[in-house]
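By convention in this document, chain letters (A, B, ...) are assigned in the order of the sequence lines, proteins followed by strands, and residues within each chain are numbered from 1.
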Protein chains: 2
Amino acid sequence: MANRSDTKTRILDAAEKLFAERGFSETSLRLITSKAEVNLASVNYHFGSKKELIRAVLARYLDVFMPAASSEIVSLQSSDKDASLNDIFSTLVKPLLDLNQLRSEGTRTFLQLLGRGYIESQGHLRWFITTHYGDHLTQFVKAVADSAPHIPPAEMFWRLHFTLGTVVFTMASADALTEIAAADFGEHNDIEAVIRKVIPYLSAGVAVPVTA
Amino acid sequence: MANRSDTKTRILDAAEKLFAERGFSETSLRLITSKAEVNLASVNYHFGSKKELIRAVLARYLDVFMPAASSEIVSLQSSDKDASLNDIFSTLVKPLLDLNQLRSEGTRTFLQLLGRGYIESQGHLRWFITTHYGDHLTQFVKAVADSAPHIPPAEMFWRLHFTLGTVVFTMASADALTEIAAADFGEHNDIEAVIRKVIPYLSAGVAVPVTA
DNA sequence: GTCTATAAAGTGATAGAC
DNA sequence: GTCTATCACTTTATAGAC
């Protein structure tokens, strides 16, 4: 087979690209298998259903990203008891960018998939993420809450979802936005530059005092 | 026919509710016409295609909201030469809430539709909005830029798109989020409460000093 | 303008040969 | 494990009677 990966991997590779670009329900199994150059029936042989394929695509990223993010946060907390919000968010940059070594365009693909998962969700994806990676999420939320103790938990819930929205929308539109920024302002940004632009925005929004 | 509206309106009313709840491609014409209690073929008779129905649904709101928002901003600028970002964003609250008088749940429906439109967009909706309402958008961008003159234009471009992402994602997920907030924190938020929560977050992020 | 009936094309999934 | 062929179903859209 030489440089041809196995069928299961070929399906996952083609599927994640198409899911990220077009969304889950806009991507048919026929499109996936034709891009992957495998037989239509092999999806059901290897994954059982489209739903389970979607979960497998997400799991392949989450299984790498979540532990890496957790360990970065633990090490930040042990070295700096009073880390700022900016520090906490910046901690995620390395685990995110490392996904580019896992696969080409890995960072952007992952963030786009996450966004699609939260928006399109017929329920099963939110459930899948929170039951399989709930501990990591809880740890992250706690780290953020500790570094912004003036924000009540209910308000923090909203602000973290505002933050999630900012990130996933920006990443989903990253191509178009960098293109416009280059044409209109002569700026040339890669994905890391965009991430570094968004962090101060997020930190300011999360930490802004609650108005009475 | 008594209290039964005409077919065209019944279709629009049923469609906007379903589109906002489930997204455009997850909502079939069969579902719309059965909820509207009209014949399946009437959609094509009155609107020509599903795509044009989607545009008609959005236009019914945009034609009301955009001029109202514009005139609020003009009157703010003439009464207060140094309006804050918070003032600018808050200016949109009244035109948004007035949509509730247009139709029941109008505000939430409109914002959710806008979110779906930007996320799901197969291109035709972004195009439709910018070509039909571009002047209003330009005016709004200028008002924001004037009230945060310390932000360079290129940076403002990014921050306004971060802002768009926050709003669009939040509104598309608003139902799920208010449900979780009710379950986990005993909070009961309507759409106005969510809007008033997000404005300080947006203002802080847009105005935060640029780091070197 | 509204209806029935149906065309034409797509979908996920599966049985069964190899 | 991979293939062909096909099932059972859904989708948008339309022709033609009323």
- Item | Between B:S70 and B:Q139, a side-chain donor and acceptor under 3.5 Å | yes

- Looking only at N and O atoms, is any donor in the side chain of A:R30 or the base of C:dG10 less than 3.5 Å from an acceptor on the other one? no

- Item | Nearest-Å distance for atom pair CG/P, residues A:L53 and C:dT11 | 15 Å

- Item | Any A:T7 side-chain N or O less than 4.0 Å from OP1/OP2 of D:dT2 | yes

- Message: Ignoring hydrogens and geometry beyond distance, is a side-chain donor-acceptor pair present between B:R116 and B:Q112 at under 3.5 Å?
- Response: no

- Item | Separation of atom CG in A:L31 from atom P in C:dA9, rounded to whole Å | 19 Å

- Answer with base, sugar-phosphate or nothing: what part of the nucleic acid does B:T27 contact at a heavy-atom distance below 4.0 Å? sugar-phosphate

- Nearest-Å distance, CD1 (A:I32) to P (C:dA13)? 11 Å

- A:D87 and A:S90: side chain donor to acceptor below 3.5 Å: no

- Item | Nearest-angstrom distance from the residue atom CG of A:L29 to C1' of D:dC7 | 16 Å

- Task: Nearest whole angstrom, please: distance from the P of C:dT4 to the OH of B:Y45.
- Result: 17 Å

- Item | DNA chain D: 5'-proximal contact among A:K8 and B:N39 (nearest heavy atom) | A:K8

- Item | Nucleotide D:dT14, atom C1' - distance to NZ of B:K50 in whole Å | 17 Å

- Task: State, without any angle test, whether A:T163 and B:Y201 hold a side-chain donor-acceptor pair at a distance under 3.5 Å.
- Result: yes

- Task: Using atom CG of B:L40 as one end and atom P of C:dT6 as the other, report the distance to the nearest whole Å.
- Result: 15 Å

- Note on the structure: Output for pair (B:N189 CG, B:L177 CG), nearest 0.5 Å, gives 10.0 Å

- Query: Rounded to the nearest Å, what distance is computed from the CG atom of residue A:N44 to the C1' atom of nucleotide C:dG16?
  - Reply: 15 Å

- Indicate whether OP1 or OP2 belonging to C:dT2 is found under 4.0 Å from a side-chain N or O atom of B:S42. no

- Task: Choose from C:dT2, D:dA13, C:dC3 the nucleotide whose nearest atom is closest to any side-chain atom of B:A41.
- Result: C:dC3

